[in-house]
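Throughout, protein chains are lettered first and strands after them, A, B, ... in sequence-line order, and every chain is numbered starting at 1.
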Amino acid sequence: MNEISSSKPEGQAMISMAGVDKWYGAFQALKDINISVGKGEKIVLCGPSGSGKSTLIRCINHLETYQKGEIRVGDIVLGHQAKSIDAVRREVGMVFQQFNLFPHLTVLENCMLAPMRALRLSKVEAESRARQLLERVRISEQADKYPAQLSGGQQQRVAIARALCMRPQVMLFDEPTSALDPEMVKEVLDTMIALAEEGMTMICVTHEMGFARQVADRVIFMASGAVVEQAPPAEFFSDPKHERTRKFLGEILGRH
Amino acid sequence: MGRDEIIFLLIGLKWTIALSIVGFVCGCIAGLFIALARTSGVRVVEGLTAGYIAVFQGTPLLMQLFVVYYGLALIGIKVDAWLAVAVGLTLHASAYLGEIWRGAIEAVPQGQTEASKALALSYSSRMKDIILPQALRISLPATIGFLVQLIKGTSLASIVGFTELTRAGNIISNQIFQPLTVFGIVGILYFIMCCPLTIYGAHLERKFAAQAR
Ligand SMILES: Nc1ncnc2c1ncn2[C@@H]1O[C@H](COP(=O)(O)OP(=O)(O)O)[C@@H](O)[C@H]1O
Ligand SMILES: [Mg+2]
């Protein structure tokens, strides 16, 4: 497993965070984050609640600002000006715990809007792209329904398709299965696995350790706003180095 | 009470409707900008619009109409009563609608803004395509409620000498000395305008409440 991460040379980093610090007022939510994610690499980010996982991935597409350090996506340096933020957001798709589909638009319209507005695609192009991706997440027969008419698992698959319609280079997932009923977790994970197999660069915040074992190239463990440990999944689960990692794994694996 | 009197009342009614429409439509347009400014995230702009809203919500409409009517005359701008009242009602409506819609914009879940941003939508697209359609829906019952208040509020235009429905009623009543009949009819005309709106507003409120469940 080790050779997977070493086969991604530094120069090809799809995402890099260097010395990133973030404060909410006086509270430091991220402490000196240094992460480099290669093209096509799949990262699972885990850690106790409140450890800063969401904050970290939300900095990558500038849903949160950060006060120190540098973030790059591809060759774009994410500054605080609108231009670089827009450029990054066109390359980075995000899937949220609560789906955040647009309730007043149909499934198809949800998928067509951003390509038309942000990429200036024609309606025809946007629709064919949307239908193609809804097909890919196996939900094309629901295209004309409204989000509220779908199950949670279906909604989350639409949210994935919606993000993919931008043809992003990177996908960020923030606990995509945490709000789902247990019987719907698998359909969403299967969609994510398929995406991983197609070579998408992914950062997934998740506590689905089966998913981590199956698709992750690297597992990153965070606690109290800092990266504590990172390793390929086999090593991470069998031989965690830090006490906090062991404690966390004990809790999370013991629970299942 | 004869045919001529009825026609005179109906002409007054026409002006009441015209004032309501102008006040509401212009108030909606100005109110939209007030609401957007109020939620812009820019401190100074938010503060200024908060002040604007406070002034117009904190003073009587009658006084606002006086100030516009006589105030504009004082600084040398000659306007007729119609324009002064239209401007006054627009300012008044923009403040109330701005505040109603500010609340509605803020009631749209934060996740909608985040998803829009993550999809690289611009501010204008985020507002036009995502936030405002949802906010409008949320605010519809309150907006209709305000429209009803505004229709009744146009009666204050009579104070600055504008002959809308209430003033028309007053004039007729002074001519034929049948205040009960005349104002009874005037009341019925207001009721016919406002009651369907009130019922429609209540209907929407129930419908949205049912959907939210
Ligand atoms: N908007 C905010 N204001 C203040 N503190 C926040 C805010 N958002 C998150 N935090 C704090 O930052 C820490 C990290 O939060 P988060 O990134 O959401 O953690 P995780 O996703 O790992 O559960 C938590 O302690 C949380 O309370
Ligand atoms: Mg989180």
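Side-chain contact check for B:S155 and B:E164: no donor-acceptor pair (N or O, by modelled atom type) lies under 3.5 Å. B:W101 and B:T143 form a side-chain donor-acceptor contact under 3.5 Å, judged by distance and modelled atom types alone.
For chain B, the nearby parts of A:F102 are the backbone and the side chain; heavy atoms of each come within less than 4.5 Å. Only the side chain of B:S125 comes within less than 4.5 Å of a heavy atom in chain A; its backbone stays farther off. Interface residue A:L105: only side-chain heavy atoms are found under 4.5 Å from chain B. Within the 4.5 angstrom heavy-atom criterion, no atom of B:S124 approaches chain A.
Counted within 6.0 Å of CZ on B:F33, heavy atoms from surrounding residues, nucleotides or ligands total 12 or fewer; the atom is thus considered open.
Most heavy-atom pairs under 4.5 Å with chain B, from the set A:M166, A:R162, A:R117: that is A:R117. Chain B forms more heavy-atom pairs under 4.5 Å with one residue of A:V88, A:L119, A:L101, A:L172 than with any other, namely A:L101. Ranked by heavy-atom pairs under 4.5 Å with chain B, the list A:R58, A:M94, A:H62, A:Q98 is led by A:R58.
A side chain to side chain contact (heavy atoms under 4.5 Å, CB included) with A:M17 holds for exactly one of A:L78, A:V227, A:V73, A:L56; it is A:L56.
A donor-acceptor pair is defined here as one N or O able to donate and one able to accept, closer than 3.5 Å; no such pair exists between the side chain of A:K22 and the backbone of A:G225.
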(request) Applying side-chain hydrogen bond (donor to acceptor under 3.5 Å, both in side chains), run through A:D144 and A:T106 and close with a yes or a no. (result) CA-CA 6 Å; A:D144 296 319; A:T106 64; 5.2 Å; no

